[in-house]
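Numbering of ligands and ligand atoms starts at 1, following listing order.
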Amino acid sequence: MCNCRVCGNSLEKFLDLGKMPLANGFLYEKDFSNEYFYNLAVGFCNDCSLVQLIEQPEPEKMFNENYPFFTSSSKFMVEHFRNMALDVISVYGSDPRIVVEIGSNDGSMLKVFKERGCEEIGIEPSKSAYTKALSNGIFTLNEFFNKETARVLWQEVGSADIIVSANVICHIADINSVFEGVSELLDEDGIFVFEEPYIGSILNKVSYDQIYDEHVFYFSATSVKKIAEKFGMSLFMVRKQNVHGGSLRYYICKDSRPTDFSLVSEKDFGINKFFEFADLVEKSKYTFKSLLEYLKDKGNSIVGYAATSKSTTILNYCGIDNSYIDCIYDTTKEKWNKFTPGTHIPVISYDRFKNDSPEYSVLFAWNHRNEILNKEKDYKGKFILPHPTARIL
Ligand code: DWN
Ligand code: ZN
């Protein structure tokens with residue numbers, strides 16, 4: 001079993017979701033026999049309070065030319081990142097000169113900084129997303145961010161006024177290298193702002209599908225504060241965000257700034273809370289599978305709406321294949337005509353959803369619920385939410 005990636009302490013395992021394929025390892029039929037699996041389990045560090053995967057596949061297996069997630073797949077999220085960029089500039093206090101984004105994907109957020117006249121630098125390891133960013137005119141390096149990349153950048157362009165990141169820091173196992181790199185690259189008056197799905201929301205919503213290979217860390221204000229301090233920086237503010245089921249935005253600086261943690265209380269995040277969560281996850285699986293069985297027995301057609309990374313955890317953990325779910329409709333063309341990792345359900349173009357009009361659709365992109373329900377006002381069937389207790393909307 002691996003130790004805490006921040007402080008080296010041994011981890012207390014509280015949840016084991018079993019054998020898993022890569023969350024974004026959508027594949028063709030010819031590749032079924034070579035599919036990669038690992039064991040998906042999560043542990044808690046009693047020292048720094050950081051929840052983390054026990055084992056994570058190598059980054060190159062996940063983030064490469066086949067990586068099929070693009071920020072622009074959600075209009076709502078593009079708008080959210082516009083607001084995030086403006087918020088960060090306003091907290092920084094003046095127009096920044098250099099802005100670096102760690103894991104900048106297709107450049108959706110950097111575009112806003114660029115429009116404001118900043119020099120934008122994206123760091124994006126997935127060739128697929130990097131290529132999209134370049135075609136969007138966003139300066140991007142096809143690299144993993146770590147202390148070495150940070151040093152090279154610092155030598156070439158000097159320090160960064162702002163370093164931002166969204167839904168990325170939780171993906172990087174060598175978090176010590178990330179924070180060391182940030183502390184070297186960041187200007188003395190600069191700020192480092194990042195946001196991630198919040199462990200408090202995952203616990204409350206029993207959204208265990210946020211747990212998959214790419215998400216090695218599940219942060220809280222308590223754990224982020226400790227990591228920042230380890231590298232001579234300080235967490236001065238956290239703000240809740242209503243995205244991905246509930247995220248926290250963390251604001252970190254090198255100098256001292258007025259602190260504001262008023263909105264977050266994490267007193268009860270001890271190991272017992274995590275064992276309780278593990279019980280609720282098992283109950284959720286039972287309700288989801290029973291609901292699908294019930295609907296199927298009655299002769300209904302069931303499909304999936306959005307082949308998200310999260311759906312890989314749910315489908316594999318609950319043992320749901322195409323005897324339950326006929327297909328999953330998705331807007332990302334890189335996933336079309338492929339099959340879901342591990343469970344081999346066909347993924348097809350979203351364009352067919354309206355015509356097919358299936359009776360029940362599992363809303364695997366439950367985090368985009370408002371955006372999707374708005375878009376699907378004319379849908380005659382019903383949506384199913386997979387957790388906390390599976391239910392028909
Ligand atoms: O952390 C991560 C988050 C930010 O994005 C990554 N590890 C990978 C990814 O996770 P995800 O795949 O669970 O993200 P989403 O945004 O919940 O889902 C994206 C998928 O859903 C895409 O394949 C597009 C699809 N989708 C759709 O078919 N119709 C999305 C929307 C909003 C829609 O209306
Ligand atoms: Zn630790």
- Among V100, I138, N105, find the residue that satisfies the side-chain contact (heavy atoms from CB on, under 4.5 Å) test when tested with L110. I138

- Should the pair R249-D87 be classified as a salt bridge under the 4.0 Å nitrogen-to-oxygen rule? yes

- for atom 18 (O) of ligand 1, nearest protein heavy atom and its distance come out as T308 CG2, 3.3 Å

- Lys/Arg-Asp/Glu bridge criterion (N-O < 4.0 Å) met for E359, K382: no

- Just jot down the ligand 1 atoms closer than 4.0 angstrom to any heavy atom of H171, in number order. 1 (O), 2 (C), 6 (C), 7 (N)

- Among S309, S247, S72, which residue places a heavy atom closest to atom 8 (C) of ligand 1? S309

- Item | Heavy-atom nearest neighbour in the protein, as seen from atom 34 (O) of ligand 1, with distance rounded to 0.1 Å | K375 NZ, 2.5 Å

- Item | Option of least heavy-atom distance to atom 2 (C) of ligand 1 (set: W366, F353, Y212, Y350) | Y212

- Using 4.0 Å as the upper bound for N to carboxylate O, is an ion pair formed by D174 and R5? no

- Task: Inspect the contact between E65 and K127 and indicate whether a charged nitrogen and a carboxylate oxygen are less than 4.0 angstrom apart.
- Result: no

- Message: Please classify the H244 to ligand 1 contact at 4.0 Å (heavy-atom distances, strictly less than): side chain, backbone, both or neither.
- Response: side chain

- Message: If you take the nearest heavy atom of each of A306, A23, A307, which one is closest to atom 21 (O) of ligand 1?
- Response: A306

- Task: Check ligand 1 against I372 and write out every atom of the ligand that is under 4.0 Å from a heavy-atom position of the residue.
- Result: 34 (O)

- Task: Can you pull out the closest protein heavy atom to atom 16 (O) of ligand 1? Residue, atom name and distance to 0.1 Å, please.
- Result: H368 NE2, 2.7 Å

- Query: Distance only, no hydrogens: is a donor on one side chain within 3.5 Å (strictly under) of an acceptor on the other, for T343 and N316?
  - Reply: no

- Before signing off on this row, confirm whether T332 and ligand 1 have an N or O atom pair separated by under 3.5 Å. yes

- Message: Counting only nitrogen or oxygen atoms and a 3.5 angstrom limit, does H215 reach ligand 1?
- Response: yes

- Task: Measure from NZ or CZ of K338 to the centre of the six-membered ring of F26, then state whether that distance is under 6.0 Å and the direction lies within 45° of the axis.
- Result: no

- Item | C7 SG and C45 SG subtending at the Zn ion (ligand 2) (10° steps) | 100°

- Message: Against the six-membered ring of F179, is K230 placed for a cation-pi contact (under 6.0 Å from the centre, within 45° of the normal)?
- Response: no

- May I ask you to check whether D330 has an N/O atom sitting below 3.5 Å from an N/O atom of ligand 1? yes

- Task: Look at atom 19 (C) of ligand 1 and say which protein heavy atom is nearest, naming residue and atom and giving the distance to 0.1 Å.
- Result: F69 CE1, 3.8 Å

- Message: Checking side-chain polar atoms at under 3.5 Å, does D16 have a donor or acceptor matched by the opposite partner on Y317?
- Response: no

- Query: What do you reckon, does T331 have a nitrogen or oxygen under 3.5 Å from a nitrogen or oxygen of ligand 1?
  - Reply: yes

- Before signing off on this row, confirm whether S73 and ligand 1 have an N or O atom pair separated by under 3.5 Å. no

- Query: For Y350, is the NZ or CZ atom of K375 found under 6.0 angstrom from the centre of its six-membered ring and inside 45 degrees of the ring axis?
  - Reply: yes

- Numbered atoms and elements of ligand 1 in range of Y67, under 4.0 angstrom, heavy atoms: 6 (C), 7 (N), 8 (C)

- Any N/O pair E371/ligand 1 closer than 3.5 Å: no

- Around atom 7 (N) of ligand 1, find the nearest protein heavy atom and jot down its residue, atom name and distance. E214 OE1, 2.6 Å

- Report the nearest protein non-hydrogen atom to atom 17 (O) of ligand 1: residue, atom name, distance rounded to 0.1 Å. K310 NZ, 2.6 Å

- Query: Are side-chain N/O atoms of Y67 and E124 paired as donor and acceptor at under 3.5 Å?
  - Reply: no

- Query: Is a salt bridge present between E334 and K132, judged by a nitrogen-to-oxygen distance below 4.0 Å?
  - Reply: yes

